[in-house]
Asks: 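Would you mind keeping the following structure in view while I ask a few things?
In this chain, numbering begins with 1 at the start of the sequence shown. In listed order, ligands and their atoms are each counted from 1.
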Amino acid sequence: MRGWICVTIIRKTTRKITWLQIVIHILGWLPLAWIIFDYFSNRLSINPIQDIEQRLGDIAAYFLIASLVCTPINTLTGWREPIKRRRALGLYCFMYACLHVLTFIGVDYGFNWQLIGGIVLQKLYAIVGVATFILLLPLAVTSSRWWMKKLGRNWHNLHRLVYLAAVLDILHFAWAKKGNLFSLSGDVLRPFILGVFLLFLLVVRIPPLRRKASELRQRWTSRLRQRFSHRVG
Ligand code: HEM
């Protein structure tokens with residue numbers, strides 16, 4: 001019994017760490033370290049709180065989109081590793097979203113709930129931000145294996161909310177920039193690019209397209225394999 005426990009512990013602790021995992025964790029903490037560095041070396045803009053708030057929001061949005069890139073990468077290349085890294089990307093998104101919201105309610109408005117309520121209800125982009133955050137909350141809480149097993153099929157249905165969260169996030173981003181994604185007015189270049197990319201990621205997920213993409217991939221890889229084995233032979 002003891003030996004079995006030891007073997008399990010050793011197996012768990014010697015699980016191979018991949019280069020993708022290392023890159024994701026570096027990218028996960030680097031922006032925060034950067035913000036802290038800029039804060040202490042006075043490199044933030046004239047309005048440091050707004051600067052921090054905006055940067056945290058941007059990073060949360062990038063991680064949200066990054067978490068949606070994993071499945072299409074797997075479909076288009078057959079590489080399985082990104083699928084295992086979706087959780088880390090999603091949790092980094094949530095971490096930056098929490099810091100973004102905390103900066104807004106704590107640092108910017110000193111937890112003055114009356115004032116915060118007034119601002120949020122006045123501005124559509126803030127309402128959309130709150131909706132995005134509310135959608136992300138259950139996804140982060142239930143992201144563990146334990147919840148996956150407990151919820152079974154419902155886990156997948158629940159986690160489909162990430163698509164809605166991503167769409168709302170792009171709107172929040174564009175409207176926070178006082179822009180219009182459709183007439184392309186205002187400072188909407190980044191939310192526009194993210195929005196187009198998100199559209200591509202969602203289209204690739206449509207079941208017939210997804211099947212077609214993986215069929216094509218399988219055909220190409222088997223052709224490549226045939227050619228390669230001919231040459232080696
Ligand atoms: C309770 C929820 C939220 C509130 C109250 C909120 C509030 C705000 C505010 C006030 C701004 C404008 C900052 C400024 O320019 O002065 C902003 C911008 C932004 N927020 Fe949020 N937000 C929320 C949730 C989120 C979430 C969940 C995300 C991403 C996953 C997000 C991403 C962004 C982005 C990308 C910007 C634009 C930053 C820029 O100007 O570059 N927000 N948010």
Side-chain angles (χ1 to χ4, degrees), residues 24 27-32 34-35 38-39 43-70 86-143 158-182 184-199 201-202:
I24 288 174
L27 289 180
W29 291 103
L30 198 66
L32 187 60
W34 203 318
I35 292 173
D38 282 352
Y39 174 76
R43 284 163 194 252
L44 293 171
S45 72
I46 295 177
N47 187 342
I49 296 175
Q50 188 188 38
D51 195 353
I52 292 175
E53 201 175 307
Q54 288 178 341
R55 286 204 210 179
L56 292 168
D58 288 348
I59 299 154
Y62 296 145
F63 271 109
L64 184 53
I65 298 296
S67 71
L68 291 173
V69 172
C70 300
R86 281 180 302 189
R87 180 170 175 242
L89 292 166
L91 287 176
Y92 279 121
C93 158
F94 188 65
M95 177 177 96
Y96 282 101
C98 287
L99 292 174
H100 170 70
V101 174
L102 269 177
T103 312
F104 173 72
I105 58 176
V107 187
D108 216 356
Y109 288 93
F111 296 105
N112 184 335
W113 297 109
Q114 225 175 340
L115 198 61
I116 294 166
I119 296 272
V120 168
L121 291 178
Q122 254 176 35
K123 305 203 172 175
L124 185 60
Y125 80 83
I127 298 177
V128 176
V130 174
T132 314
F133 190 71
I134 290 172
L135 286 175
L136 291 179
L137 196 65
L139 304 188
V141 171
T142 61
S143 66
L158 177 70
H159 280 251
R160 287 207 178 104
L161 287 178
V162 71
Y163 308 131
L164 181 59
V167 172
L168 291 181
D169 179 39
I170 301 290
L171 291 177
H172 174 63
F173 195 165
W175 288 339
K177 292 288 191 196
K178 297 174 184 62
N180 185 324
L181 276 177
F182 300 102
L184 289 185
S185 57
D187 182 14
V188 289
L189 184 66
R190 279 179 307 143
F192 177 74
I193 293 173
L194 275 190
V196 171
F197 190 49
L198 174 65
L199 190 68
L201 295 176
L202 295 181

Asks: Find the distance between CD1 (Ile65) and CG (Leu89) and round it off to the nearest 0.5 Å.
Replies: 11.5 Å

Asks: Numbering the atoms of ligand 1 from 1, which are under 4.0 Å from a heavy atom of Asp58?
Replies: 35 (C), 37 (C), 38 (C), 39 (C), 41 (O)

Asks: Give me the nearest non-hydrogen protein atom to atom 25 (C) of ligand 1 as residue plus atom name, then the distance to 0.1 Å.
Replies: His100 CD2, 3.4 Å

Asks: Counting heavy atoms only, name the option from Tyr96, Phe173, Phe63 that's nearest to atom 36 (C) of ligand 1.
Replies: Phe173

Asks: Output the list of atoms in ligand 1 that are nearer than 4.0 Å to some heavy atom of Ala176, sorted by atom number.
Replies: 18 (C)

Asks: Which heavy atom of Ala97 sits nearest to which heavy atom of Ala60, and what is that distance?
Replies: N-CB, 3.6 Å

Asks: Which atoms form the tightest heavy-atom contact between Trp175 and Leu124, and what is the distance?
Replies: CZ3-CD2, 3.7 Å

Asks: Give the atom numbers and elements of ligand 1 that come within less than 4.0 Å of a heavy atom of Ala60.
Replies: 29 (C), 30 (C)

Asks: So which protein heavy atom does atom 31 (C) of ligand 1 come closest to, and at what separation?
Replies: His172 CD2, 3.4 Å

Asks: Can you tell me how far apart CD1 (Ile35) and OH (Tyr96) are? Round to the nearest 0.5 Å.
Replies: 6.5 Å

Asks: What are the two closest non-hydrogen atoms of Pro138 and Leu158, and how far apart are they?
Replies: O-CD2, 4.3 Å

Asks: Hey, what do you get for CG (Leu56) to CE (Met95), rounding to the nearest 0.5 Å?
Replies: 9.0 Å

Asks: In the protein, what heavy atom is nearest to atom 15 (O) of ligand 1, and what distance, to one decimal place, separates them?
Replies: Gln54 NE2, 2.7 Å

Asks: Do you know the tightest heavy-atom contact between Leu121 and Ile127?
Replies: O-CD1, 3.9 Å

Asks: Are any of the N/O atoms in Glu53 less than 3.5 Å from those in ligand 1?
Replies: no

Asks: Does Arg55 reach ligand 1, in the sense of a heavy atom lying below 4.0 Å from it?
Replies: no

Asks: Identify the heavy atoms of Ile24 and Ala88 that sit nearest to each other, and give their distance.
Replies: CG2-CB, 4.2 Å

Asks: Can you confirm, on distance only, whether ligand 1 has an N/O atom lying under 3.5 Å from any N/O atom belonging to Lys177?
Replies: yes

Asks: Could you tell me, atom by atom, which parts of ligand 1 come under 4.0 Å of a heavy atom of Phe104?
Replies: 5 (C), 10 (C)

Asks: Answer side chain, backbone, both or neither: which part of Val130 comes under 4.0 Å from ligand 1, heavy atoms only.
Replies: both

Asks: For atom 24 (C) of ligand 1, find the nearest protein heavy atom and state the residue, atom name and distance (0.1 Å precision).
Replies: Gly129 O, 3.3 Å

Asks: Take atom OH in Tyr163; do more than 12 heavy atoms of anything else shown fall under 6.0 Å from it?
Replies: yes

Asks: Tell me whether Tyr125 reaches ligand 1 (any heavy atom closer than 4.0 angstrom to a ligand atom).
Replies: yes

Asks: Does ligand 1 come near enough to Asp169 that some N or O of the ligand is less than 3.5 Å from an N or O of the residue?
Replies: no

Asks: Atom CD1 of Ile116 and atom CZ of Phe104: how far apart are they, to the nearest 0.5 Å?
Replies: 6.5 Å

Asks: Once you restrict to heavy atoms under 4.0 Å, what part of Lys123 touches ligand 1? Side chain, backbone, both or neither.
Replies: neither

Asks: Relative to the heavy atoms of Gln50, which atoms of ligand 1 are at a distance of less than 4.0 Å?
Replies: 14 (C), 15 (O), 16 (O)

Asks: What atoms of ligand 1 come within less than 4.0 Å of a heavy atom belonging to Arg190?
Replies: 41 (O)

Asks: Within a distance under 4.0 Å of any heavy atom of Gly57, pick out the atoms of ligand 1 and give their elements.
Replies: 32 (C), 33 (C), 34 (C), 35 (C)

Asks: Could you tell me the separation between the CD1 atom of Ile170 and the CZ atom of Phe192, rounded to the nearest 0.5 Å?
Replies: 11.0 Å

Asks: Would you give the length of the straight line joining atom CG of Leu137 to atom CZ of Phe94, rounded to the nearest 0.5 angstrom?
Replies: 4.5 Å

